[in-house]
Amino acid sequence: MPEGPSILILKEAVQQFKGKKVIKASCNNKTLDANILKGQTITDFKSWGKHFLICFPKFTVRIHMMMFGSYRINQHTEKPPRLNLQFEDGELNFYAVLLHLIEEPLNKVYDWQADIMSDKWDSKKAVKKMKAIPELLACDALMDQQIFSGVGNIIKNEVLFRIKVHPESVVSAMPPKKVKEMINEAIKYSYEFLEQRNAGTLNKHWKAYNQKICPRNHIPFRKENTGRSHRTSFYCEECMVKYE
DNA sequence: CCCGGTGTTACAAC
DNA sequence: GGTTGTAACACCGG
């Protein structure tokens, strides 16, 4: 479920509940007191990267799907939901998600210009943020939610392969044009991801993520844990340039 | 002793 | 057994 584009799909899917009043709510752990939601009207659904936001007049419920979060709309699974919201004419269930109550104004909490799928996205700001981190690696830059909010490990791998940049490249050693290309491809692929996920063809279009052979020159991909977070990168030593 | 940074571990579901 | 991801710790140096 969880990279940025999947959250947009979720946001789209729940629009029927916008403006609707929660008549009953429950949460099966202590991370959120669901009682406060009862009788509240949902003013909007928003997203910031991988964060899904249910907005109420005086607060917001933040939902993070982590790796295995799921949801059902007007349905439920056998397992008790982490969060259940009941409406006059439907219900919303979330499973294995992380919940958090935001009481501050969202504009204070979120830099909308850092959200790759927002129309407020600002490429120049991303360049600035990357320049401020010495020795920043390309794989870490893309995974940094303060810079590329919404990018996850799949998008990271696909972007780096498409622009032919080795994941452990030092961003400051990349030509400015290449850095711009990385940013542009992150946006472009994220929208492709969205289309392909909607079409049910996401993994058919993977060129690097989870792949064994480089489709450009047919030699085996390296599969290594890279960067500060040690997330898996699939890369080809022949066609992907390591800037350092 | 606290603070920020780093690194490890835990947890989620299938 | 591996992972579309963070959060919570422990630990360390200053």
Side-chain angles (χ1 to χ4, degrees), chain A residues 1-13 27-32 47-53 61-72 75-84 93-102 109-111 114-117 129 132-137 139-162 167 185-212 221-235:
Chain A
M1 291 281 101
E3 300 195 25
S6 301
I7 302 303
L8 283 198
I9 293 171
L10 164 59
K11 190 164 69 175
E12 200 56 39
C27 171
N28 76 348
N29 71 6
K30 290 187 283 186
T31 55
L32 181 75
S47 59
W48 181 82
K50 301 167 189 170
H51 295 204
F52 177 60
L53 304 166
V61 174
R62 183 185 82 193
I63 297 185
H64 200 298
M65 315 283 279
M66 303 296 278
M67 296 271 263
F68 311 110
S70 63
Y71 59 90
R72 292 290 187 281
Q75 290 175 25
H76 58 87
T77 66
E78 322 77 52
K79 294 209 166 183
R82 171 65 33 86
L83 178 67
N84 166 269
N93 291 300
F94 293 94
Y95 305 86
V97 298
L98 215 59
L99 297 170
H100 181 75
L101 186 70
I102 300 176
V109 179
Y110 291 116
D111 174 7
D115 179 358
I116 48 160
M117 314 240 10
K129 287 178 189 170
I133 306 174
E135 301 306 302
L136 176 67
L137 301 183
C139 57
D140 287 328
L142 284 167
M143 293 290 276
D144 187 326
Q145 300 300 296
Q146 297 308 315
I147 305 176
F148 292 98
S149 175
V151 170
N153 207 31
I154 296 173
I155 296 176
K156 175 196 84 181
N157 274 289
E158 291 300 313
V159 167
L160 291 172
F161 176 76
R162 281 153 209 244
E185 189 61 39
I187 310 298
K188 184 165 165 257
Y189 179 70
S190 293
Y191 284 98
E192 288 176 25
F193 185 122
L194 175 62
E195 296 306 314
Q196 294 162 7
R197 168 129 280 175
N198 273 327
T201 60
L202 181 64
N203 43 10
K204 257 196 233 167
H205 295 272
W206 286 339
K207 295 179 179 169
Y209 181 76
N210 257 357
Q211 305 305 298
K212 299 239 183 310
F221 270 127
R222 296 282 308 258
K223 182 185 177 188
E224 305 284 348
N225 289 337
T226 55
R228 306 183 56 130
S229 57
H230 309 289
R231 299 299 300 280
T232 307
S233 286
F234 300 83
Y235 61 93

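Each chain gets a letter, A, B and so on, in the order its sequence line appears, and its residues count up from 1.
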Rounded interatomic separation in angstrom, taking [atom1] from [X] and [atom2] from [N]:
{"X": "Leu99(A)", "N": "dT6(C)", "atom1": "CG", "atom2": "P", "value": "16 Å"}
{"X": "Arg62(A)", "N": "dG5(C)", "atom1": "CZ", "atom2": "P", "value": "15 Å"}
{"X": "Ile63(A)", "N": "dT6(C)", "atom1": "CD1", "atom2": "C1'", "value": "16 Å"}
{"X": "Met65(A)", "N": "dT3(C)", "atom1": "CE", "atom2": "C1'", "value": "15 Å"}
{"X": "His51(A)", "N": "dT4(C)", "atom1": "NE2", "atom2": "C1'", "value": "15 Å"}
{"X": "Met66(A)", "N": "dC14(B)", "atom1": "CE", "atom2": "P", "value": "16 Å"}
{"X": "His100(A)", "N": "dA7(C)", "atom1": "NE2", "atom2": "P", "value": "9 Å"}
{"X": "Phe52(A)", "N": "dG5(C)", "atom1": "CZ", "atom2": "P", "value": "18 Å"}

Taking only N and O in the side chain of Arg231(A), is any of them less than 4.0 Å away from OP1 or OP2 of dT4(C)?
->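 So the side-chain polar atoms of Arg231(A) do come within 4.0 Å of the phosphate oxygens OP1 or OP2 of dT4(C), strictly under.
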Counting just side-chain N and O atoms, does Lys50(A) come under 4.0 Å of either OP1 or OP2 of dT4(C)?
->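 Indeed not, no polar side-chain atom of Lys50(A) lies that close.
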Might you point out which heavy atoms bring Leu99(A) and Arg82(A) nearest each other, and give the distance in Å?
->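 Closest heavy-atom pair between Leu99(A) and Arg82(A): CD1-CG, 3.8 Å.
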Short side-chain donor-acceptor distance under 3.5 Å, Thr77(A) and Arg72(A) |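 Side chains of Arg72(A) and Thr77(A): no pair found under 3.5 Å.
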For Lys156(A) and Ser233(A), test the side chains for any donor-to-acceptor distance below 3.5 angstrom and give the result as yes or no.
->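 Indeed, the side chains of Lys156(A) and Ser233(A) share at least one donor-acceptor pair under 3.5 Å.
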Which is true for [X] with a 4.0 Å heavy-atom rule: it touches a base, it touches only sugar-phosphate, or it touches nothing?
{"X": "Lys223(A)", "answer": "sugar-phosphate"}
{"X": "Thr232(A)", "answer": "sugar-phosphate"}
{"X": "Leu98(A)", "answer": "sugar-phosphate"}
{"X": "Arg228(A)", "answer": "sugar-phosphate"}

Choosing from [options], which nucleotide comes nearest the side chain of [X]?
{"X": "Phe68(A)", "options": "dT6(C), dA12(B), dT4(C)", "result": "dA12(B)"}
{"X": "Lys79(A)", "options": "dC14(B), dT6(C), dT4(C)", "result": "dC14(B)"}
{"X": "Tyr209(A)", "options": "dA7(C), dG5(C), dT3(C)", "result": "dT3(C)"}

Determine which nucleotide pairs with dT6(C), using a 3.5 Å limit on both distances of a Watson-Crick or G-U wobble pair.
->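 Paired with dT6(C), as far as the under-3.5 Å criterion goes, is dA10(B).
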Determine the Euclidean distance between corresponding P atoms of dG2(C) and dT9(B); express it in Å to zero decimal places.
->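 These two P atoms come out 16 Å apart once rounded.
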Only one of Phe234(A), Phe221(A), Tyr189(A), Tyr209(A) passes ring pair (Phe, Tyr, Trp, His ring centres under 6.0 Å) with Phe161(A); say which it is.
->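 Among Phe234(A), Phe221(A), Tyr189(A), Tyr209(A), the one that satisfies the ring pair (Phe, Tyr, Trp, His ring centres under 6.0 Å) with Phe161(A) is Phe221(A).
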Take atom NE2 in His76(A); do more than 12 heavy atoms of anything else shown fall under 6.0 Å from it?
->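 Not buried by this count: 12 neighbours or fewer within 6.0 Å.
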